[in-house]
Each structure stands twice: as structure tokens, then as C-alpha cells.
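Data first, discussion second: the structure below is written as C-alpha cells.
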Amino acid sequence: MEFYFNLLQYFKKIVSEASERVETVDESFEPQMRMADERFGDFQANGALPYAKKNGLNPRELAESIAAKTTSSDLWEISIAGPGFINFKLKPEFFLTWLQELGDMEDTKRHLLADSPRRVVLDYSGPNTAKQMHVGHIRSTIIGESLARLLALQGHAVIRDNHLGDWGTQFGILLYAIKRCDISLDKLGEEPVAFLEDLYRKGNDLVKKFPEALDKARLELVKLQNGDQENLSLWQKIRDLSLETFNQVYELLGVRFDYAHGESFYRDQVQGVYSVLQKYEICTEDQGALVVFHPEHKRFAKQPFIIRKSDGASNYATTDLATLAFRKKEWDAEHIIYVTDGRQRDHFEQLFMTVKKWFQVERVECPTLSHVWFGTILGEDNKAIKTREGQPVKLMDLLVEAVERAKAMVQEKNPELQEEEVERRAKIIGIGAVKYADLSQDRTLDYVFSWDKMLALQGNTAPYLQYAVARIHSLFRKVGKERSNLASTSSTPQSDSEKKLARKISFFPLAIEQTTKELKPHSLCVYLYELATEFSSFYNQEKVMNEDQDTQNLRLFLCAKTQIILELGLDILGIETLEEM
RNA sequence: GCUCCUGUAGUUCAAUGGAUAGAACAUUGGUCUCCGGAACCGAAGAUCUGGGUUCGACUCCCAGCGGGAGCGCCA
């Protein structure tokens with residue numbers, strides 16, 4: 001039998017083929033294969049119901065005739081239930097074979113490879129320079145990193161681009177404040193970016209109060225954009241300082257980028273955007289600005305996409321257009337994924353519509369464009385956490401606190417452990433907890449920031465999953481057997497918990513499929529948590545170190561497979577694991 | 001005003017239109033001579049309201065009500 005990594009697809013194919021052998025069924029039949037509730041089996045085809053209804057057939061009879069035409073196998077049982085569900089119940093031998101075919105970690109990774117790899121650009125994190133990262137930045141960074149890992153593991157050529165906000169109007173104010181206060185960027189103390197952020201805030205207050213200050217700030221911005229040497233070198237230094245600060249966060253989070261081009265990288269390309277869109281008459285002048293309307297759209301017919309401000313300056317619509325063109329032209333991107341706040345949905349919808357028109361005129365194939373948006377992190381007042389109002393939690397502070405709390409826990413459990421090792425474990429556990437807290441809920445939902453939520457170490461958390469992994473490592477240390485010697489185990493899952501665990505492991509490809517399709521890491525989290533729960537239950541119920549060698553081998557085998565899936569799954573989430581906790 | 005997102009146990013979250021809506025935290029009862037208790041087993045507890053589509057609706061449509069967001073020179 002050929003190995004099918006994704007069992008849902010396998011049974012879907014089987015039912016499809018069976019349906020072709022039934023006279024009353026044509027090619028419009030959809031199996032509607034689903035995971036089944038344990039009570040009914042392992043997979044179920046629901047397609048007979050709607051098809052029978054639509055074609056005036058008896059659903060139960062139709063289901064039975066499809067089942068009758070299904071290739072028989074002694075590895076599963078097929079049955080009809082209720083009004084016409086076709087249920088597949090797999091036998092323990094099936095699961096054993098499947099797990100054997102799954103192989104080791106390398107084999108498992110090979111099964112994940114996509115049929116047709118693509119060049120994918122992932123645009124995530126994107127903090128503004130001269131500002132610190134606060135908790136509001138965590139989602140893009142963590143979700144983006146996870147998706148990058150997910151796609152890279154499937155063999156796609158992933159380009160990670162940190163699209164920094166390094167060319168905004170904030171520099172006018174900042175440069176003005178720097179000059180006015182005669183500040184040296186080489187002497188900003190321990191936290192240079194915190195200093196700059198503060199300086200910006202003060203400058204912002206100033207320009208609000210005094211119109212002449214605003215004029216001067218604008219002048220600085222114009223000078224910068226016109227290539228004034230002094231301003232350019234100040235700007236560059238600010239950018240370098242900011243990147244250094246960001247990198248501290250990225251290092252702690254285990255995030256790395258291939259590029260950090262940022263908006264400034266495209267500053268010489270905006271002119272080209274104006275002229276090309278004008279040439280194709282995609283944009284028009286309106287109230288002194290250059291804008292794009294989309295008459296076919298109910299809102300964007302009236303709501304403009306401003307690509308050049310009335311003062312002649314570019315904005316983020318301009319740079320995003322230039323960026324997209326660059327990614328297509330220079331990187332040959334086939335898919336571009338933007339991971340940003342949901343409040344920018346209109347912007348991206350307009351951006352995508354505009355680019356599609358542009359590329360269509362040029363007969364250039366437009367990359368698949370995905371806006372992976374997420375909900376806002378709210379403060380206790382139910383309003384978005386923002387830099388200017390109140391004091392939002394700095395991202396670095398959150399991460400440090402997470403590691404501290406984990407450290408206390410590690411020390412409590414291992415009083416004799418060396419400091420260095422305590423630190424290492426605390427980092428993996430604490431950072432893992434923070435990441436998991438964010439990844440494990442549907443990204444489209446808002447949530448109120450809470451220390452306790454981000455730092456929880458019990459229940460549905462990363463440490464729970466890491467703990468399961470650590471226990472498996474511990475077990476193998478104790479037994480002293482090699483995982484690779486277990487593949488030939490001949491006994492099949494017998495007990496209830498053995499069977500349930502084997503079954504759950506076999507659903508891993510489905511979780512990956514779902515996560516990839518929706519670009520929602522929380523589906524994977526849900527699966528991994530269920531797997532870990534199934535494992536814990538199994539582990540509690542069944543003695544692995546059993547006198548009976550066949551039983552022991554089987555149980556060790558199941559542990560080994562569980563470990564692979566948990567480690568691989570957590571790796572996709574960007575969460576590390578430990579051999580001991 | 002227009003548009004979008006959202007409403008599930010006390011709380012925080014799950015549930016590609018499928019069968020008896022799952023978890024975690026909190027509450028509560030047990031496991032405690034156990035391969036790691038960061039654990040396991042049990043109890044109690046929920047789909048905002050009203051219509052509609054469907055063999056079947058937390059899910060899709062319409063109308064309310066509640067929460068949030070976007071809507072011309074911020075990103």
C-alpha cells in the first residue's frame with residue numbers, strides 16, 4: 001500500500017472513486033470527508049446527504065451503495081449511520097503501519113514537503129525606528145515568524161523581510177528636536193532608543209503648541225528627503241541604534257530576517273510609481289493629491305487610496321506599492337504575505353486592487369497577495385495599547401519578566417541546578433509561554449493584555465507541551481533504548497489510551513493542512529495541545545516500562561512518535577523544547 | 001452616515017454547514033508505595049435576541065441589541 005501522509009485526503013480519494021462506480025452518482029458528488037467523532041469512527045463522509053437531497057434519492061440507500069462499491073480492506077471497517085453518514089473505523093493495524101511509515105524526524109519532515117514549492121515573501125514585525133517595541137508589536141513578529149517556519153518546512157522558498165517604518169514624518173519632528181536640544185547621538189546612555197522616543201514625544205508636544213516649530217520640523221523632513229548630508233547621517237544613526245535595540249528582542253525571540261529593507265529603501269522608487277500609475281490612468285488628481293479610486297467597489301469608489309499627498313510627499317501607500325513591485329521584480333515573489341494589525345485591512349485591500357490593475361496592464365502575473373491580519377491588543381480601558389497615551393508595556397520588559405517567572409519555577413523544581421542551566425531553561429520556558437499565549441488564540445480576535453495570561457505556566461500553555469516532551473526524553477534516558485530500534489515493533493495498539501494516542505498522532509497532517517490553508521497558527525496549537533493531553537492521559541494510565549517486551553516496545557514507539565510531532569509542531573510555532581525541565 | 005470585525009460556562013478561549021458544543025483558569029471531589037504532580041481522573045456550568053435558508057445552523061442570510069475598528073493627506 002502506498003503511504004498517504006494525509007489520511008483525510010486518502011479516504012476522500014477512496015470515497016470519490018467508490019462514488020464513480022455507483023450509477024446514480026455523477027461527477028458533481030463531493031465526499032465531504034471529515035474527521036469523525038471518536039464515537040462513530042475515525043473519518044466520515046457526509047456527501048451522500050446533500051447529494052441525495054439534490055437528486056431525489058434516498059440518502060441512506062445512496063450511502064450504502066457507495067459503501068458497497070468502496071475498495072474493501074481488512075484495515076478498516078465501513079458503516080452507515082444516522083441519515084447517511086459513511087463512517088470509517090480504522091483498525092489498530094492500520095495505525096501501526098501508518099506510524100511505521102511516518103518514520104523518524106527527517107522522514108516526517110520529508111512528508112511535509114509541498115508538491116509545488118513557491119517563492120514566498122513574508123512581511124512581518126515592521127516596527128518604527130526611533131521607537132521601542134511594545135507589546136503591540138508582539139503579534140506580527142510571532143505570528144509572522146511562525147508562518148515563515150511553517151512554509152519553509154513545506155519546502156517553500158521563504159524570504160523574511162522586516163519592513164521597518166524608517167521613513168515617516170516622525171523624523172521631521174525628531175530631527176528638529178535633536179538639533180534644538182543640541183543632542184549627540186553618541187551619548188544617549190544605556191537605552192538610546194528610549195531616549196529618542198521620549199525626545200520625539202516632547203518634540204511632538206512642541207509642534208502642537210507652536211506653529212513655527214511645526215514649520216521647522218517640516219523643513220527638517222524636506223531636507224532629509226532631499227538628501228541633506230547632515231540629516232541623512234543623523235537618520236542613519238537613529239536607524240542603526242533602533243535596529244540594535246530591535247535585534248535584542250529578536251534574539252530573545254529567536255527571530256531572524258533575511259532583509260530589513262524598510263520604507264527608506266524605496267524612497268527613490270516612489271517617483272516611478274507616480275508616473276506609471278498616471279501613465280495607465282489608474283490614479284487621478286483630486287484635491288491636490290494623487291489618489292486611486294475603484295469605481296467597481298462599493299466603498300473604494302468614493303474612499304480614496306492616497307498615493308501622493310497634496311504637499312507632494314509620499315506616504316505608506318506609495319512605499320507599499322513600490323515595495324510590492326520590487327518584490328515581484330527583484331525577488332520574483334509568487335506569494336506575498338503581510339502580517340499586520342486588522343485596522344489596516346482597507347489599506348491592503350486598496351493596495352491589492354491597485355496592484356492587480358497595474359500588473360494587468362503590464363501583463364505581469366500578480367503574486368498571490370495575503371493580508372494576514374490580527375486583532376488589537378487592548379489596554380485595560382478596552383482601547384488599543386498605544387505609545388502616545390498611557391504607558392504601554394515594553395516588549396522587552398514582558399520578555400524579561402517571562403524569563404524571570406520561569407526561572408523561579410525552574411529553581412524551585414531543581415534547587416541544585418547550575419545558574420547557567422537555570423537561565424537556559426528559563427529562557428526557553430518563559431519565551432515559549434509568551435509565544436504560545438499569543439499564537440494559541442485565533443489571530444483575528446482582539447484581546448486585553450494581561451501579564452497573567454501572557455505568563456501562565458499551567459494548563460493550555462507552552463510549558464505543558466514542553467513538559468510532555470521532557471517526560472518522553474526522561475523516559476528514554478531511563479529505559480536506555482534507542483528510538484530507532486522500535487520501528488519494527490509488531491504489536492498493535494490495544495488499550496483504549498494506546499489507540500487514542502495513535503489516532504491523534506495520525507491527525508497531525510490535517511492540522512498542518514488547516515493551519516496552512518488559513519494561515520492561522522492557533523489551529524496547530526489546538527492540535528498540539530490535544531495531542532499532549534492524549535499523551536499525558538496515556539502516560540498516566542499505562543506503564544511504559546512493562547515486563548512484557550512487546551508491550552513496552554509498542555508504548556515506547558508511541559512515545560517516540562509523540563515526541564517527534566510535538567517537537568516538530570512546537571518548532572513550527574517557534575517554541576523550543578527541553579530534555580529536562 | 002457608510003463599511004468591516006466581534007458576541008459561546010463565572011472568566012479566557014475552541015468547534016472546514018454534520019451526530020450528545022470541546023478545553024483552560026476559577027469552584028469542587030478524588031489520584032498521592034506514581035516511568036517527572038508544570039500531571040492524571042471526576043462533578044457542576046454556555047451558543048446575545050427575533051426571524052429565515054437547510055435533511056441538519058455556534059457556523060450561512062435578514063433585522064435588532066451590545067462591544068470594537070476603519071472611512072483624504074499617520075503607519
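Chain A is the first sequence line, chain B the second, and so forth, proteins listed ahead of strands; every chain is numbered from 1. The figures that follow rest on heavy atoms only: side chains count, while hydrogens, waters and symmetry mates do not.
- The phosphate of C40(B) (OP1 or OP2) has a side-chain N or O of Tyr464(A) nearer than 4.0 angstrom.
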Please table the atom pairs, donor to acceptor, closer than 3.5 Å between any side-chain atom in residues 544-554 of chain A and protein atoms at least two apart or in another chain.
unit_1, atom_1, unit_2, atom_2, d
Asn546(A), OD1, Asp548(A), N, 2.9
Asp548(A), OD2, Asp550(A), N, 3.4
Asp548(A), OD2, Thr551(A), N, 2.8
Asp548(A), OD2, Thr551(A), OG1, 2.6
Gln549(A), OE1, Lys481(A), NZ, 2.9
Gln552(A), OE1, Asn546(A), N, 3.3
Asn553(A), OD1, Lys481(A), NZ, 3.0

Do any N or O atoms of the protein come closer than 3.5 Å to N or O atoms of nucleotides 17-20 of chain B, and which pairs are they?
unit_1, atom_1, unit_2, atom_2, d
G18(B), O2', Gln44(A), NE2, 3.3
G18(B), N7, Asn46(A), ND2, 3.4
A19(B), N7, Gln44(A), OE1, 3.3
A19(B), N6, Gln44(A), OE1, 3.1
A19(B), N6, Asn87(A), OD1, 2.7
A19(B), N6, Asn87(A), ND2, 3.3
A19(B), N1, Asn87(A), ND2, 3.4

Distances for protein N/O vs nucleotides 8-12 of chain B N/O pairs under 3.5 angstrom?
unit_1, atom_1, unit_2, atom_2, d
U12(B), O2', Lys453(A), NZ, 2.9

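- Look at Lys383(A) and you'll find a side-chain N or O under 4.0 angstrom from OP1 or OP2 of A69(B).
- Within 4.0 Å of Lys517(A), counting heavy atoms only, lies no atom of the nucleic acid at all.
- With a 3.5 Å limit on both pairing distances and Watson-Crick or G-U wobble geometry required, the stems of 3 or more pairs in RNA chain B span B:1-7 with B:65-71, B:10-13 with B:22-25, B:27-31 with B:39-43, B:48-52 with B:60-64.
- Within the 4.0 Å cut-off from OP1 or OP2 of A15(B), at least one side-chain nitrogen or oxygen of His522(A) is found.
- For Ser537(A) and C41(B), the shortest distance from a side-chain N or O to OP1 or OP2 is below 4.0 Å.
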Identify each atom pair where a protein N or O and an N or O of nucleotides 26-33 of chain B are less than 3.5 Å apart, giving names and distance.
none

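- For Ser474(A), a side-chain nitrogen or oxygen approaches OP1 or OP2 of G36(B) to under 4.0 Å.
- Looking at residues 542-550 of chain A, you'll see Glu542(A), Lys543(A), Val544(A), Met545(A) sit with a heavy atom under 4.0 Å from some atom of RNA chain B.
- For Glu401(A) and Arg405(A), the salt-bridge test passes: some basic side-chain N is under 4.0 Å from an acidic carboxylate O.
- For C58(B) and C13(B), the C1' atoms lie 14 Å apart once the distance is rounded to whole Å.
- Ion pairing between a basic and an acidic side chain is recognised when a charged N comes within 4.0 Å of a carboxylate O; Glu64(A) and Arg60(A) show such pairing.
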